[in-house]
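Reviewing the structure listed below.
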2 protein chains.
Amino acid sequence: MRQPAGRSARRSGGERKPREERWAELIEVATRVFYEKGYDAASLQDIADRLGMLKGSLYYYIQSKEDLLFDVISAVHKEGLAVVRARAGTPGDPLQRLRNVIVGHVEHTCQNLVQTTVFLHELSALPPERRTEVLGNEHAYQGVFRDLIELAQKEGLVRADLDPRLAALSVLGSTNWVYRWFRPGGEFTAEQIAAELAEMAIRGIASTE
Amino acid sequence: MRQPAGRSARRSGGERKPREERWAELIEVATRVFYEKGYDAASLQDIADRLGMLKGSLYYYIQSKEDLLFDVISAVHKEGLAVVRARAGTPGDPLQRLRNVIVGHVEHTCQNLVQTTVFLHELSALPPERRTEVLGNEHAYQGVFRDLIELAQKEGLVRADLDPRLAALSVLGSTNWVYRWFRPGGEFTAEQIAAELAEMAIRGIASTE
DNA sequence: ACCGCTACCAAACGGCCGTTAGACGATGAT
DNA sequence: ATCATCGTCTAACGGCCGTTTGGTAGCGGT
């Protein structure tokens, strides 16, 4: 024995890192674990293990397990919302912009599959209060789609007998469902999917001239 | 004290019922609890409480908690599949039949909202083996939609440049998403939703004449 | 040389989890 | 009257959960 004996030889694999860096790792690892096991089935033990630290040490960074889910979810939601809002504000008629929005939304989903899956699947694990804190008081995401459809309808580009809210929910359905079946390197590319879904969605609501 | 004293007065609220009846109650209660809390967050304690029995007593009916989820899920899946298959087999051209299928699928979803939600949301909580045992080896549900679309395409009713698999996934997306926002007694009736979603889906894929 | 802070460890906490074993009262058949 | 069976209770099991408390090594600043 050449170590000071006993307790000191047992320094575990724990690297020491600056706060910011560890925080980024933590969010990344938590996202992946939530993705693989689901929020409720995932344990802080799982997350700590992958970071090479003890689960108690996580509390240096968080106040509760729920905080992790909240941060993961609100980050990806904020990002996705920025994408669609940016595309909704481009020039062109409302239907062209809607196509643009759909393409951006689907591509963002495919390129951030893990985060998006956690967002869409585990949102219901958040208590109602924090859920609406994420979504905004009246479903910001849905609003972008609905407003564009409503606008297009006023310009005669969309069937007059269609309820814009229902149309928005239909489009959001087909696009959000993508997280269920898209796999990178699979049968279709993200761009193919985005373009085809947009085409179907727009044909589905456009007025027949 | 007129009871034989002590232990005997403590007969809890437990009613004794025949096996079949209790089994039906058990499935019903389990479905609701899984719906409200999610499978992982739900406990056998929750379920036993609502049945007025102890959690240990549940093992007279099941071998494991997972059995409950499996039974709930496979029941509603089987039922829904029967609905769409029946409608797929009606007379008419493939596009008419597809409309019929979509309407049936959406109405079944709305009329069995709790079961459908558990099915769609908690399917991922089943181990892969039992998951495919439910879905059938190659996604029976998806197949019904895809086959009809493929058939319609061969008859020139659907755009030739469209991949039937992608089209099926688009339709399944908009229709399956319904469980996320439909509420009985809300803004729209199940029949409205079914009809409108079917209309949009079919216009989205139909060939322009 | 000392201090204070930062990033973690060590060890425990109460609590609930799914699951099992054995006992037991009521019921219905013999 | 006896007896098997059925549906449930009682009581525990080991195990993992999220969370808390109190330490402590190492570093940068002074």
Side-chain angles (χ1 to χ4, degrees), chain A residues 3-27 29-30 33-34 37-72 122 125-127 130, chain B residues 3-27 29-30 33-34 37-72 122 125-127 130:
Chain A
Q3 308 261 2
R7 76 189 205 287
S8 182
R10 298 283 296 97
R11 300 231 37 73
S12 32
E15 277 185 88
R16 193 193 175 82
K17 295 195 184 177
R19 180 157 202 150
E20 244 184 291
E21 192 178 336
R22 266 292 199 233
W23 172 254
E25 284 185 9
L26 175 51
I27 291 295
V29 167
V33 173
F34 291 161
K37 300 203 173 198
Y39 173 72
D40 284 306
S43 74
L44 295 180
Q45 191 77 251
D46 295 328
I47 295 171
D49 285 351
R50 298 205 196 182
L51 287 168
M53 55 168 69
L54 302 184
K55 61 175 179 171
S57 305
L58 296 177
Y59 282 80
Y60 179 67
Y61 298 93
I62 60 173
Q63 269 93 48
S64 73
K65 184 189 177 188
E66 195 192 288
D67 283 1
L68 277 178
L69 182 60
F70 181 80
D71 286 328
V72 168
E122 307 298 344
L126 283 178
R130 300 194 93 177
Chain B
Q3 309 261 0
R7 75 190 205 286
S8 181
R10 298 283 296 96
R11 300 232 37 75
S12 32
E15 277 183 88
R16 192 192 176 82
K17 296 196 182 176
R19 180 159 202 149
E20 242 184 293
E21 190 178 338
R22 266 292 200 232
W23 171 254
E25 284 185 9
L26 174 51
I27 291 294
V29 166
V33 172
F34 292 161
K37 300 204 172 197
Y39 172 71
D40 284 305
S43 74
L44 295 180
Q45 191 78 253
D46 295 328
I47 295 171
D49 284 352
R50 298 206 196 180
L51 287 168
M53 55 168 69
L54 302 183
K55 60 174 179 171
S57 305
L58 296 176
Y59 283 79
Y60 180 68
Y61 297 93
I62 60 174
Q63 269 92 48
S64 73
K65 184 189 176 188
E66 196 191 288
D67 284 0
L68 276 177
L69 182 59
F70 180 80
D71 285 328
V72 167
E122 308 298 343
L126 282 179
R130 300 193 94 176

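Naming: A, B, ... by sequence-line order, numbering from 1 per chain.
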N or O in side chain of A/Arg22 less than 4.0 angstrom from C/dC8 OP1/OP2: yes

Side chain to side chain contact (heavy atoms under 4.5 Å, CB included) partner of B/Val33, the single match among B/Ile47, B/Leu68, B/Leu44: B/Ile47

Please report the distance, rounded to the nearest Å, between NZ in B/Lys65 and P in C/dT20. 15 Å

Separation of atom CD1 in B/Ile62 from atom P in C/dT19, rounded to whole Å: 7 Å

Return the value, rounded to whole Å, for the distance between atom CG of B/Leu58 and atom P of D/dT8. 10 Å

Determine the contact category for A/Ala42: base if any of its heavy atoms lies under 4.0 Å from a base atom, sugar-phosphate if only primed atoms, P, OP1 or OP2 are that close, otherwise nothing. sugar-phosphate

Here the pair of heavy atoms bringing A/Asp40 nearest to A/Lys65 is O-NZ, 3.8 Å

Taking the side chain of A/Leu44 as its heavy atoms from C-beta onward, which of C/dC17, C/dG25, D/dG18 lies nearest to it? D/dG18

It should be established whether A/Arg19 places a side-chain nitrogen or oxygen under 4.0 Å from OP1 or OP2 of nucleotide C/dC8. no

Atom OH of B/Tyr59 to atom C1' of C/dT19: distance rounded to whole Å? 5 Å

Check A/Asp67 against A/Arg130 and note the closest heavy-atom contact, atom names and distance. OD1-NH1, 3.2 Å

In this structure, how many angstroms lie between the P atom of D/dG18 and the CD atom of A/Gln45, rounded? 9 Å

Out of D/dT8, D/dG26, D/dG18, which nucleotide sits closest to the side chain of A/Arg16? D/dG26

Spacing between A/Glu15 atom CD and D/dC27 atom P, to the nearest angstrom: 13 Å

OP1, OP2 of C/dA7 versus side-chain N and O of A/Tyr60: anything below 4.0 Å? yes

Please work out if A/Ser57 contacts a base, only the sugar-phosphate, or nothing of the nucleic acid, heavy-atom cut-off 4.0 Å. base

When the distance from CE of A/Met53 to C1' of D/dT24 is rounded to whole Å, what number comes out? 16 Å

If only side-chain N and O atoms of A/Ser43 are considered, is one of them under 4.0 Å from the OP1 or OP2 phosphate oxygen of D/dC16? no

Please report the closest heavy-atom contact between B/Ala41 and B/Asp46, naming both atoms and the distance. O-OD2, 4.3 Å

Value in whole Å for how far the P atom of C/dA23 lies from CG of B/Leu54: 18 Å

Which nucleotide wins on minimum distance to the side chain of B/Lys55, given the candidates C/dA7, C/dC8, C/dG18? C/dG18

B/Glu15 and B/Arg22: which non-hydrogen atoms are nearest, and at how many Å? O-NH2, 2.9 Å

